[in-house]
Amino acid sequence: MKYAFFPGCTMAYRLPFVEKSIRLVAPHFNIELVDLPFTCCPEPNSVRSFSDETWLALAARNLALAEKSKLDVLTACTGCHESFMTAKHELDTHPDRKDAVNEVLGEIGMEYTGVSAVKHMHQVLFDDIGPEAIAEKVKRPLELRVVTHSGCHMLRPEAILQIDDCEAPVKFDGLVEVLGIEPLEYMDKTMCCGTGTRRANREASFAILREKMTSMKMVNPDAAVVFCPSCFISFESGQRIVNKTFGTDFKLPVYYYTELLAVALEIPGMVPIIKAHRVKGPVTASAPGVPGEGRPVEAKN
Amino acid sequence: MTDTKTPEEIESIIESIRPCFQCGICASSCPVFRVAPEINPRHAIDEIVKTGVIEPDGTEWSCAYCLMCEQRCPMGVSLAHLLVAVKNISTEKGNAPEGLPEIIHSILSTGVIAQDSDLDKMREKYDLPPLKRPTAKEVRKVLELTGATDLLELYQSKGVGSD
């Protein structure tokens, strides 16, 4: 399947190693990624807050670009995904807004019609490929205990996204399970990581992260697994600030799902990717192995 | 096509939140309220319904846009929709938080949110292709026609979000 790939600004420029893991994994599932000259999705919490019209028009421009290439869009960031899906819903259900947007797009020689679908990597892996097909490809079960964090915009608005049950999601846990990983149930599983208010209310945003990570820590996981680059940064870098601010002692490794998938499939090229992590975890290039297992999970390069 | 809300639009927004019966599930589901109880979505809605006007007081920017309030509202009130409107009005009054005009400026100049010129170098390290960028002209056109450049000028005249 061929997609217009939309890594999003955060992944492309702040977590390029995570983007690399997606590009390494894709061919193993017959996913072809096409790069197009996209703008920022645009980020809903900032750009839409600034101007609803600008947000809608820029999102429509990106979707129109994919339409031109007759491709569906594959997103890797839940923020971008929510932005596109919400914009698409707005455009497809409000003909007046669609007309107004197309007047703007007409000025740059583009038109939004709504034919391109938008899918998040999570959906392609679970709904299209399926956990069973992934399980068949696993060469090295990872035998970790993790907490999954879907991220707000993977789940909500539920009626528009329709990815999983927003209060009790199960699909992400299913995806980690087939890698030999035990997903742990924990309190506040669907709670926000705090990123959304970091710019406006820094103190509250890190207090939210403290609450979230306190709940995660209660089940003593080896790592947290995410499907969003913003949540990734929030947990990985944010925990140091939380520790400094609140005197906590979090040291939780964070992985984006496709990183673990690539290691479990023994896809070469993962050493520099795992090395790029700031909080070193049980899945490392030169690691002694998975805690309690004594079994190396070192990625072959 | 700009963002200035007409009295009819304001009225329709207020109408949409009128079903609220102050049950408070929005507040009890709000991660911001959990750590900063002075920020209370239930109170915010009550204030708007009671006064019939939308007067942003700055607390709207603390919303993390996690959408849990709207998910759980038993009356189907779209708080996200309301908050976008409140934030847009706040922006027009010149009260957007400092980093926000910077983001608009970044999109205007590069098409993306990334201001560091070494970022493509970081991509090279992982053998990733430089991402294709849109032309500056088309991005500017979209921002101009939707009122963002005018809004940005408002902030730049105050020394925020400039070059």
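The chains referred to below are lettered A, B, ... by the order of the sequence lines, with proteins before strands, and numbering in each begins at 1. The figures here come from the full heavy-atom set of this structure, side chains too, leaving out hydrogens, waters and symmetry mates.
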Measure B:Arg133 against the heavy atoms of chain A and call it side chain, backbone, both or neither at under 4.5 Å.
both
Heavy-atom proximity to chain A below 4.5 Å, by part of B:Tyr155:
side chain
Contact origin within B:Leu83 toward chain A - heavy atom pairs under 4.5 Å
neither
Bottom line for B:Val139: the part with an atom under 4.5 Å from chain A's heavy atoms is side chain
Min side-chain heavy-atom separation B:Leu143-A:Leu58 under 4.5 Å
yes
Indicate yes or no: does B:Glu98 engage A:Arg199 in a salt bridge with an N to O separation below 4.0 Å.
no
Mind checking the CE-NZ spacing from A:Met110 to B:Lys141? Nearest 0.5 Å is all I need.
15.5 Å
What are the two closest heavy atoms between B:Ile107 and A:Pro42, and how far apart are they?
CD1-CB, 4.5 Å
Looking only at heavy atoms, what is the nearest atom pair of A:Lys20 and B:Asp127, with distance?
NZ-O, 3.5 Å
Are there residues of residues 74-86 of chain A that reach to under 4.5 Å of chain B by heavy atoms, and which ones?
A:Glu82
What one should report as the nearest heavy-atom pair of B:Trp61 and A:Ser49 is CZ3-CB, 3.5 Å
Looking at every non-hydrogen atom in both residues, tell me the closest pair between A:Ser51 and B:Asn88 and how far apart they are.
N-ND2, 3.8 Å
Nearest-0.5 Å distance that lies between atom CZ in B:Arg123 and atom CZ in A:Phe17:
13.0 Å
Considering heavy atoms only, which positions within residues 159-168 of chain A lie below 4.5 Å of chain B?
A:Cys166, A:Glu167
Give me the atom names and distance for the closest heavy-atom approach of A:Ile208 to B:Pro31.
CG1-O, 3.4 Å
Under a 4.5 Å heavy-atom cutoff, which of A:Gly196, A:Pro37, A:Ala204 has the most pairs with chain B?
A:Pro37
Count the heavy atoms of every other residue, nucleotide or ligand shown that sit under 6.0 Å from CD of B:Glu47, and state whether that count exceeds 12.
no
Looking only at non-hydrogen atoms, find the nearest pair between B:Ile113 and A:Cys9 and report the distance.
N-SG, 3.2 Å
Heavy-atom pairs under 4.5 Å with chain B, option from A:His153, A:Glu203, A:Lys212, A:Glu107 with the top count:
A:His153
Only counting residues at least two apart or in another chain, list the ones meeting side chain to side chain donor-acceptor pair (under 3.5 Å) with B:Lys87.
A:Asn45
Which atoms of B:Glu138 approach chain A - backbone, side chain, both or neither, heavy atom under 4.5 Å:
both
Select all residues of residues 188-195 of chain A having any heavy atom within less than 4.5 Å of some heavy atom of chain B, and report them by number, or 'none'.
A:Asp188, A:Thr190, A:Met191, A:Cys192
What part of B:Leu100 lies closer than 4.5 angstrom to a heavy atom of chain A: side chain, backbone, both or neither?
both
